[in-house]
Amino acid sequence: MLFTALDDLAAEISLTPLQALGIPIAIVGAIFLSVGTQFQHRGVGHFEGGDQRGASLGWGAIARLLRNPAWVVGTLLLGLAVVLQLGALALAPLIVVQPLGAVALVVTAVLNARIAKIRLDHRTIRAIALCLAGIGVFVGVAAIFAVERPIRDQQLLTVLALLLVALVGLGALWWTFRQRANAIFYIVAAGVLYGFVVTLSKVVINRIISGQFEWLTILCAVALVVALLAGSYAVQLAHASGPPDLVIAGLTVVDPMVAVLIGVSVLGEAAETPPWAILVFAAAGAVAVAGVFQLARHHPQIRALDDALEEKE
């Protein structure tokens, strides 16, 4: 009975062995993402343990970052993480491998606790568990039903139009509220932009592999670079405003959720997913997002700053 059930489940899984190889590659990339984020956070150096509003990084600060060994090492590690992520995307559907970046959340939480000499209390651990549980269920269901389809030009134009709307909207919000913006704002902004980076990376890789290197592919590559630069700047501001495990928590939830929404609604990667699985996707995503907000609320470093501010008042 058990073996029959397992055989039935295996028959349902849409991933080929080669596509499944993208899963361990994505996990290794997530570990490099975690370590690189920790180094970058040390390099930014403006954060002192809490939720700092109105953080800014001018050209002078950026120039100093380029001369900071910790930041440079972190950037190189993040570059390696990106290479592994692109390799995973070349092998497997976007909605399967992208959420696996949540592995970085656990690694970063442990590293940051050791480096900052803090103890992760039960509320923080519960928030991290919510993030991982939501992402884990999401990936499990996606691995069963996700399919890859040829991407049409009209779909690419839709993705590019959505990116333009996101850039203009986030830019307007930042310009209006930049003096009050906190880590959550920058994390969400970076996550949205990185979601487009991942999607466009998948598109460019697939079109190059299939020999479709023409003007639309070049336009996608240019848009990818723009989104990457804007998202990277938002990440540095997030580092200047909050602890690294909060930054990772936001990115490993918001980034894949945006990428998956695009993959599902525009690229058709969930075209063969039954309605009940769509409901599971939505519920798992809601659980993961709730975990991020709980982490932002209960993180020991953020509470420490809140207490200090109350004492000053």
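Keep in mind it's a predicted model, so treat the numbers as computed, not measured.
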Engineer: Using a 3.5 Å cut-off and no angle test, enumerate the donor-acceptor pairs between side-chain atoms of residues 69-79 and protein atoms at least two apart in sequence or in another chain.
Structural biologist:
unit_1	atom_1	unit_2	atom_2	d
W71	NE1	Q236	OE1	2.9
T75	OG1	Q40	NE2	3.0
T75	OG1	W71	O	2.8

Engineer: At their closest point, which heavy atom of L200 faces which heavy atom of C220, and how far apart are they?
Structural biologist: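 Taking L200 first and C220 second, the nearest heavy atoms are CD1-O, 4.0 Å.
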Engineer: Do the side chains of V225 and V197 join up, straight or via other hydrophobic residues, at under 4.5 Å, putting them in one cluster?
Structural biologist: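 Hydrophobic grouping puts V225 apart from V197.
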Engineer: About how many Å separate CH2 of W174 and OH of Y186, when rounded to the nearest 0.5 Å?
Structural biologist: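 So the gap between those two atoms works out to 7.0 Å.
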Engineer: Closest approach of G195 and T199, non-hydrogen atoms and distance?
Structural biologist: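 Taking every non-hydrogen atom into account, O-OG1, 2.9 Å.
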Engineer: Identify the two heavy atoms, one from A221 and one from V204, that lie closest to each other, and give their separation to 0.1 Å.
Structural biologist: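 That would be N-CG2, 4.0 Å.
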Engineer: Indicate yes or no: at least one non-hydrogen side-chain atom of L156 is less than 4.5 angstrom from one of R207.
Structural biologist: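 In short, these two side chains touch, coming nearer than 4.5 Å.
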Engineer: Any side-chain heavy atom of L228 within less than 4.5 Å of one from S232?
Structural biologist: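 In contact.
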Engineer: Please give me the minimum heavy-atom distance between A190 and V235, naming the atom from each residue.
Structural biologist: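 Scanning both residues completely, I find the closest heavy atoms to be CB-CG2, 3.6 Å.
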Engineer: Less than 4.5 Å apart, any side-chain heavy atom of L193 and any of L167?
Structural biologist: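 They are in side-chain contact.
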Engineer: Please say yes or no: joined through hydrophobic side-chain contacts below 4.5 Å, possibly via intermediate residues, are F177 and W175 part of one cluster?
Structural biologist: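 Yes.
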Engineer: If you count heavy atoms of other groups shown closer than 6.0 angstrom to CZ of F32, is the number above 12?
Structural biologist: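 No - once you tally the heavy atoms of other residues, nucleotides and ligands closer than 6.0 Å, there are 12 at most.
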Engineer: What heavy-atom pair brings I187 and A238 nearest, and what distance separates the two atoms?
Structural biologist: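 Scanning both residues completely, I find the closest heavy atoms to be CG1-CB, 3.9 Å.
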Engineer: Would you compute the distance between atom CG of D255 and atom CZ of F196 and round it to the nearest 0.5 angstrom?
Structural biologist: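 Here the interatomic distance stands at 11.5 Å.
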Engineer: If only side-chain N and O atoms count, and only distance matters, is there a donor-acceptor pair under 3.5 Å linking T158 with Q155?
Structural biologist: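 Per modelled atom types, Q155 and T158 side chains form no pair under 3.5 Å.
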Engineer: Give the C-alpha distance, both sets of side-chain angles, the deciding distance and a yes or no for side-chain contact (heavy atoms from CB on, under 4.5 Å) between L173 and F185.
Structural biologist: CA-CA 9 Å; L173 285 173; F185 172 80; 4.0 Å; yes
Engineer: Do the side chains of V198 and V165 join up, straight or via other hydrophobic residues, at under 4.5 Å, putting them in one cluster?
Structural biologist: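 Looking at the clustering, V165 is in a separate group from V198.
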Engineer: Quick check: do V82 and L33 have side-chain heavy atoms less than 4.5 Å from each other?
Structural biologist: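 Counting from C-beta outward, V82 and L33 never come under 4.5 Å.
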Engineer: If I take atom CD1 from residue I262 and atom CG from residue L163, how far apart are they, to the nearest 0.5 angstrom?
Structural biologist: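 It comes to 8.0 Å.
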Engineer: Measure the CG-CG distance between L216 and L160 for me, rounded to the nearest 0.5 Å.
Structural biologist: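 One finds 6.5 Å between CG of L216 and CG of L160.
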Engineer: Report yes or no: do L219 and V159 belong to one cluster of Ile/Leu/Val/Met/Phe/Trp/Tyr joined by side chain heavy-atom distances under 4.5 Å?
Structural biologist: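 Same cluster.
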Engineer: Answer whether the closest heavy-atom distance between the side chains of I184 and V188 falls below 4.5 Å.
Structural biologist: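 A side-chain contact under 4.5 Å exists here.
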Engineer: Do W276 and V137 belong to the same hydrophobic cluster, where Ile, Leu, Val, Met, Phe, Trp and Tyr are linked whenever their side-chain heavy atoms lie under 4.5 Å apart, directly or via other members?
Structural biologist: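 Same cluster: W276 reaches V137 through Ile, Leu, Val, Met, Phe, Trp or Tyr contacts under 4.5 Å.
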Engineer: Once you round to the nearest 0.5 Å, how far does CG of L84 lie from CD1 of I31?
Structural biologist: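 Those atoms lie 10.0 Å apart.
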